[in-house]
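All of these numbers come straight from a predicted model, not from anything done at the bench.
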Protein chains: 2
Amino acid sequence: MADTPGVTEPTLEEQIAAYQREFQDLDPQVEKIVSALSRLNRRMNVAYGRQTAALGISNADWEVLKALVLSGAPYRMGPSDLAKRLGLTPAAMTHRIDRMVTEGLVTRERDEANRVRVIVELTTDGREKWLEAMRLATVFEEDLLQDLSADERTALGEVLTRLLRRVEHAQPDAGGRLTDLE
Amino acid sequence: MADTPGVTEPTLEEQIAAYQREFQDLDPQVEKIVSALSRLNRRMNVAYGRQTAALGISNADWEVLKALVLSGAPYRMGPSDLAKRLGLTPAAMTHRIDRMVTEGLVTRERDEANRVRVIVELTTDGREKWLEAMRLATVFEEDLLQDLSADERTALGEVLTRLLRRVEHAQPDAGGRLTDLE
DNA sequence: GCTTCGAACTTTAGCTTTGAAGTCTTCAGA
DNA sequence: TCTGAAGACTTCAAAGCTAAAGTTCGAAGC
């Protein structure tokens with residue numbers, strides 16, 4: 001339904017024209033970058049969602065698998081660490097883990113060394129699902145970037161990380177303006 | 001909580017190193033672009049959310065206001081058109097409109113010409129909230145891009161729209177590979 | 001004119017997430 | 001040892017979403 005064929009989304013150009021009509025003080029160059037970033041990200045997430053769904057797991061499951069795998073062997077984390085890593089509340093993490101345990105993607109057990117803690121561990125099946133998802137994702141990503149030369153890819157990566165650093169190392173003040181922290 | 005100070009998110013470089021450790025067939029250059037895109041978008045959404053919250057409206061409200069304003073005067077749309085435009089189900093739209101009517105951002109009335117239809121119309125207050133949000137957003141966006149020269153901005157906009165066109169005009173096949181439609 | 005179909009919206013049930021309250025475990029101090 | 005406090009997780013209630021069923025209105029066919 002989010003991708004029903006008949007949906008009439010304006011093109012990027014039409015949207016920017018509408019912005020300029022309704023809001024005079026707009027830099028179309030800036031708006032083009034921001035809108036394209038946002039749309040691109042949305043489309044990519046739809047694509048990832050389709051791929052993980054084909055593997056029988058949800059996008060939510062995929063996020064958890066990713067965090068566990070990237071934590072490195074033996075692929076164990078506590079629920080609160082996972083929650084912080086994914087930007088969820090501990091309560092949501094509890095429910096997600098419930099689901100994933102019944103799906104056989106992870107196991108949950110008490111830490112006998114400190115019985116307040118819980119250990120969530122990736123199962124072999126969970127790890128294989130992640131690898132499978134990664135294979136699909138890399139094919140998609142390579143296709144997405146296929147029209148870009150090696151130089152263009154380098155430049156794009158450099159510019160994006162520069163922007164990222166600017167957002168990560170700065171905090172907007174009350175007016176929304178970014179101010180450097182260091 | 002999603003932006004608690006003590007959260008230990010790995011840097012982009014650390015994350016890519018972890019990917020390579022766990023998944024050999026990975027092009028770090030591609031991963032860098034994709035990960036940076038995703039992170040950048042997430043950070044920007046957090047920033048927009050903070051700004052709209054400061055105006056007393058939710059991010060969901062903002063999306064609806066945006067769709068109505070961009071539709072042009074007299075700023076009217078039907079619930080199903082709004083739902084399609086935002087990628088929601090009609091049911092979700094019904095509830096959102098309920099909320100926004102009580103907040104005074106829009107009005108809802110039956111179309112007397114065709115009583116099956118409903119007309120959602122932006123109020124003056126709703127339009128002003130959107131303008132205020134746009135002012136904050138443009139300040140943030142200009143600050144975000146301040147380190148980029150005019151040439152760099154042009155190049156970035158061009159590359160992003162090229163990628164966007166590739167995702168929008170192509171559909172992944174069963175294996176996730178993008179194939180051109182025309 | 002009556003009936004049936006379809007379109008547009010609303011309602012209902014179920015799921016996921018959040019915020020707040022509750023439970024259990026550990027640790028430090030009396 | 002006992003008590004209090006803090007930490008880690010779970011439970012509960014409420015909000016927002018989806019899918020599916022229900023309602024209402026309009027239009028086409030008999």
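- Applying the salt bridge (Lys or Arg N to Asp or Glu O under 4.0 Å) rule to Glu63(A) yields the partners Arg96(A); only residues at least two apart in sequence or on another chain are considered.
- The ring pair (Phe, Tyr, Trp, His ring centres under 6.0 Å) search around Tyr48(B) returns Trp62(B), Phe140(B), not counting sequence neighbours.
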Which donor-acceptor pairs under 3.5 Å do the side chains of residues 68-79 of chain A make with protein atoms, sequence neighbours left out?
{"residue": "Ser71(A)", "atom": "OG", "partner": "Leu68(A)", "partner atom": "O", "Å": "2.6"}
{"residue": "Tyr75(A)", "atom": "OH", "partner": "Arg127(A)", "partner atom": "NE", "Å": "3.3"}
{"residue": "Tyr75(A)", "atom": "OH", "partner": "Glu22(B)", "partner atom": "OE1", "Å": "2.6"}
{"residue": "Arg76(A)", "atom": "NE", "partner": "Glu121(A)", "partner atom": "OE1", "Å": "2.8"}
{"residue": "Arg76(A)", "atom": "NH2", "partner": "Glu121(A)", "partner atom": "OE1", "Å": "3.0"}

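- Residue pairs satisfying the salt bridge (Lys or Arg N to Asp or Glu O under 4.0 Å) criterion with at least one member in residues 102-111 of chain A, sequence neighbours excluded, are listed as follows: Asp98(A)-Arg108(A).
- Protein atom CG of Asn59(B) is 14 Å distant from nucleotide atom P of dT18(C), rounded to whole Å.
- The distance between atom CG of Leu82(A) and atom P of dA8(D), rounded to the nearest whole Å, is 14 Å.
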Set out, line by line, the N/O atom pairs under 3.5 Å between protein and nucleotides 12-17 of chain D.
{"residue": "dC17(D)", "atom": "OP1", "partner": "Arg96(B)", "partner atom": "NE", "Å": "3.1"}
{"residue": "dC17(D)", "atom": "OP1", "partner": "Arg96(B)", "partner atom": "NH2", "Å": "2.9"}

Would you list the protein and nucleotides 24-26 of chain D atom pairs, both N or O, that sit under 3.5 Å from each other?
{"residue": "dG26(D)", "atom": "OP1", "partner": "Arg115(B)", "partner atom": "N", "Å": "3.1"}

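- dT17(C) atom C1' lies 13 Å from atom CG of Leu86(A), rounded to whole Å.
- Not one N or O on the side chain of Lys129(A) forms a donor-acceptor pair closer than 3.5 Å with the backbone of Leu105(A).
- The salt bridge (Lys or Arg N to Asp or Glu O under 4.0 Å) check on Glu152(B) picks up Arg162(A), with sequence neighbours excluded.
- As a whole-Å value, the separation of Arg117(B) CZ from dA7(C) C1' is 8 Å.
- Qualifying salt bridge (Lys or Arg N to Asp or Glu O under 4.0 Å) partners for Asp61(B), counting only residues two or more places apart in sequence or in other chains: Arg99(B).
- Straight-line distance from the NZ atom of Lys84(A) to the C1' atom of dG7(D): 10 Å, rounded to whole Å.
- Qualifying side chain to side chain donor-acceptor pair (under 3.5 Å) partners for Glu13(B), counting only residues two or more places apart in sequence or in other chains: none.
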